[in-house]
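Okay, structure first, notes after.
All values reported here derive from a predicted model rather than from experimental measurement. Letters A, B, ... mirror the listed sequences (proteins, then strands); counts begin at 1.
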Protein chains: 2
Amino acid sequence: MLTTSLPGSRNIYAMPTIKDVAKAARCSTATVSRTLASPEKVTEATRERVSRAIAEVGYAPNVAARNLRRAESKTIVALLPDISNPFFSEIINGMEEVAHQAGYQVLIGDCEHDPARAEAYFRLLPTNQADGVLLLTAEVPVSLVQQASAQTNFPLVMACEFFADIDLPTITIDNYQAARHAIDYLVSLGHRRIVTLSGPAANPICIERVRGYHDTLAAHGLSDAIHVAEGDFGFRSGYLQGLTLLAPSNTRPTAIFCHSDEMAIGVLKAARQLDIPVPEKLSVIGFDNIGFSEYCEPELTTISQPRTQIGQQAMRLLISLIKNEPAVRHQTLSTQLIVRQSTGKIQS
Amino acid sequence: MLTTSLPGSRNIYAMPTIKDVAKAARCSTATVSRTLASPEKVTEATRERVSRAIAEVGYAPNVAARNLRRAESKTIVALLPDISNPFFSEIINGMEEVAHQAGYQVLIGDCEHDPARAEAYFRLLPTNQADGVLLLTAEVPVSLVQQASAQTNFPLVMACEFFADIDLPTITIDNYQAARHAIDYLVSLGHRRIVTLSGPAANPICIERVRGYHDTLAAHGLSDAIHVAEGDFGFRSGYLQGLTLLAPSNTRPTAIFCHSDEMAIGVLKAARQLDIPVPEKLSVIGFDNIGFSEYCEPELTTISQPRTQIGQQAMRLLISLIKNEPAVRHQTLSTQLIVRQSTGKIQS
DNA sequence: CTGAAAGCGCTTACAG
DNA sequence: CTGAAAGCGCTTACAG
């Protein structure tokens with residue numbers, strides 16, 4: 001073992017480098033490098049000698065050096081609005097699966113709904129710490145995204161969410177149709193007073209879902225009953241809005257379409273507290289089909305998104321962009337209405 | 001803008017480097033570097049000239065180059081057993097807060113209960129891609145941990161979990177006392193047939209909790225009633241074990257102490273299905289106080305861990321180790337029994 | 001306080 | 001197929 005002379009290093013012993021391997025294999029560092037990067041360019045004899053030498057000295061390539069030389073980081077930043085939202089875990093699994101297979105790492109950037117955080121993560125690209133950004137939130141400074149999307153060397157893909165006025169490569173679901181499907185179902189059960197509990201009103205996916213809600217009611221001649229309340233996707237906002245929406249009144253809704261399962265579960269709690277039986281007197285539909293939706297009382301009717309697939313496809317698309325390969329810039333994946341016990345026929 | 005000559009680079013335009021700044025500021029690259037790293041070593045005039053030049057050319061330091069030179073990565077790997085467990089989100093927040101403040105990034109390594117994954121993440125250290133590992137799972141190859149802990153240049157901290165026979169720097173709670181507390185409480189409510197629904201039996205924290213359960217029952221002369229079932233911390237295993245444990249019989253338990261909230265919520269579903277009213281005929285205690293525990297029916301009595309604090313302290317400890325600063329190698333943080341509606345006096 | 005120079009550990013175009 | 005050499009973009013001990 002060599003002692004390192006690099007001041008400031010916390011290691012007392014230096015790791016073996018490619019030079020040590022070259023010496024042990026009695027070849028040049030170029031050959032060692034080639035053996036690792038493109039073994040087919042090297043004779044089998046050399047390959048074996050180098051492999052043995054690598055094992056012998058305990059060599060592991062210094063990735064910082066490789067990254068510097070290759071001007072890449074093999075790292076993808078995935079920006080989430082909030083890591084505590086269980087909706088994202090399967091998407092993350094999907095992304096990581098594809099990324100790892102392609103030799104990329106995924107750095108998860110939890111923005112905690114703070115655009116400043118997002119900005120800090122964007123800066124990883126110009127500093128060579130990331131090769132691309134996978135946006136799973138629209139809560140980022142729009143100017144930043146516009147800038148990035150205008151650059152040719154800023155690979156950026158959006159999944160789940162989108163911007164109404166920036167044409168980013170996107171993997172998404174059809175939020176409009178999903179909402180229509182949910183509302184059609186409620187109407188078919190006999191509901192006439194259907195409220196939407198939306199996520200943040202400015203959020204494009206919520207706007208799409210509200211539009212689907214609008215149009216479906218209109219199609220059924222129920223435009224007078226349109227009522228949209230706003231939450232933040234979380235349990236608590238669902239509970240609080242539930243208490244308000246379900247307060248005793250002649251026009252109490254008989255059904256609530258929620259833009260997230262967490263909000264729907266909050267509404268269920270409010271209904272319980274107000275002694276409103278679900279689904280007898282109130283139907284509730286959620287969105288996302290998180291694991292918890294099967295364990296709440298009653299089990300939640302909800303719209304399922306192909307989360308693993310969203311993660312996989314978004315990552316595939318991003319990697320294609322990074323490699324300058326041709327790719328389909330937009331994909332819309334399908335959703336499914338999962339009927340459980342929180343919805344039922346209207347009982348007047 | 002210069003065109004880059006680096007083959008294989010996907011950028012058409014090279015980013016400005018420290019040389020460009022030096023030229024614009026009419027000084028050496030050393031001075032630019034110093035202005036950035038230790039401004040106090042540079043006159044104010046120079047500092048200003050350099051700052052202007054940086055803004056002018058749009059310079060951002062290439063972190064891969066810095067990392068190579070400094071032999072550090074400013075990255076921490078945090079290994080989780082399973083990112084979909086909501087227990088970890090606040091811990092992650094706590095870790096990231098401290099890490100970011102100290103200039104470190106956190107790479108979250110989701111091991112998906114697969115030791116091979118953990119091994120891949122461990123390899124980030126010798127390849128200079130990470131400066132330390134924060135272990136939040138014991139599901140890693142023990143030999144790897146032993147090796148790592150024997151090395152002086154492998155900063156490693158464990159949080160939440162621990163190994164019975166490896167003395168790692170650790171931030172943890174007192175699982176034994178937490179269990180005693182829960183069981184004492186159930187006994188005080190009149191329960192005599194108390195079952196523990198444990199996590200994986202080999203898991204040291206579960207062993208500690210089971211020990212607390214044992215000792216408390218013994219202290220109350222209830223050793224005959226000891227019964228431990230095993231789950232995997234998830235909803236489904238709680239539900240399935242609940243169906244088994246609660247099947248009609250004279251010795252059906254009147255209380256179940258679960259090693260996770262998810263399992264407790266699964267048990268609640270099983271009880272509902274079997275028409276066993278909670279808490280009238282069955283008390284259930286969870287562990288962790290995840291957000292969902294307030295929204296299930298009935299609201300869950302559970303043991304709360306200071307999750308944010310665990311994340312913060314673990315990261316502080318790890319960074320101290322990386323910097324070779326003195327640090328307290330073991331900390332035990334306190335827990336709290338949160339009584340809600342899933343527990344009550346025994347009604348025979 | 002500042003600059004010239006060496007060097008971190010790789011990779012790759014070029015020549016043989 | 002292989003090697004010598006240049007260079008990726010920084011940082012820092014050394015000298016002035």
From the list C:dG3, C:dG9, D:dG3, which nucleotide is the closest neighbour of the side chain of A:Ala30?
-> D:dG3

B:Thr43 vs B:Arg49 side-chain heavy atoms within contact, under 4.5 Å | no

Nucleotide of D:dT2, C:dT11, C:dC1 approaching A:Thr46 most closely (side-chain heavy atoms) = D:dT2

Which listed nucleotide (C:dG9, D:dG3, D:dT12) is nearest to the side chain of B:Arg69?
-> D:dT12

State whether B:Thr17 places a side-chain N or O below 4.0 Å from either non-bridging phosphate oxygen (OP1 or OP2) of D:dG9.
-> no

When the C1' atoms of D:dT12 and D:dG16 are considered, how many whole Å apart are they?
-> 16 Å

Short side-chain N/O contact to D:dC1 OP1/OP2 from A:Thr43, under 4.0 Å | no

Any idea how A:Phe122 and A:Phe154 line up, ring-wise: parallel (<30°), tilted (30 to 60°), or perpendicular (>60°)?
-> parallel

Nearest-neighbour nucleotide for the A:Val42 side chain, D:dG3, D:dT2, D:dG9 considered | D:dT2

Atom pair OG (A:Ser89) and CZ (A:Arg307), whose distance is rounded to the nearest 0.5 Å = 6.0 Å

Whole angstrom is fine here: how far is it from CD1 in A:Ile18 over to C1' in D:dA4?
-> 14 Å

Do NZ/NE/NH1/NH2 and the carboxylate oxygens of A:Asp167 and A:Arg329 come within less than 4.0 Å?
-> yes

Taking for each residue the nucleotide of DNA chain D bearing the nearest heavy atom, is the 5' side occupied by B:Val63 or by A:Arg26?
-> A:Arg26

Selection from D:dC1, C:dT11, D:dG3 that lies nearest to any side-chain heavy atom of A:Arg66 | C:dT11

B:Leu36 CG to D:dT12 P, in whole Å, measures 12 Å

Classify the nucleic acid contact of A:Glu44 as base, sugar-phosphate or nothing, counting any heavy atom under 4.0 Å across all strands shown.
-> nothing

Indicate, with a heavy-atom threshold strictly under 4.0 Å, whether B:Ala22 touches base, sugar-phosphate, or nothing.
-> nothing

Once you apply the 3.5 Å cut-off to both distances, tell me the Watson-Crick or G-U wobble partner of D:dA13, or none.
-> none

In Watson-Crick or G-U wobble terms, with both distances under 3.5 Å, the base opposite D:dA4 is none

Side chain to side chain, A:Leu136 and A:Leu79, heavy atoms closer than 4.5 Å = no

What nucleotide, of D:dT11, C:dC10, C:dA13, holds the atom closest to the side chain of B:Thr29?
-> D:dT11

Between A:Ala64 and A:Arg34, the residue closer to the 5' end of DNA chain C by nearest nucleotide is A:Ala64

Phosphate OP1/OP2 of C:dG3 contacted by B:Thr31 side-chain N/O (<4.0 Å) = yes

Identify which nucleotide among C:dA4, D:dC10, C:dG9 has an atom closest to any side-chain atom of B:Asn62, counting heavy atoms from C-beta outward.
-> D:dC10

Between B:Ala37 and B:Ala65, the residue closer to the 5' end of DNA chain D by nearest nucleotide is B:Ala65

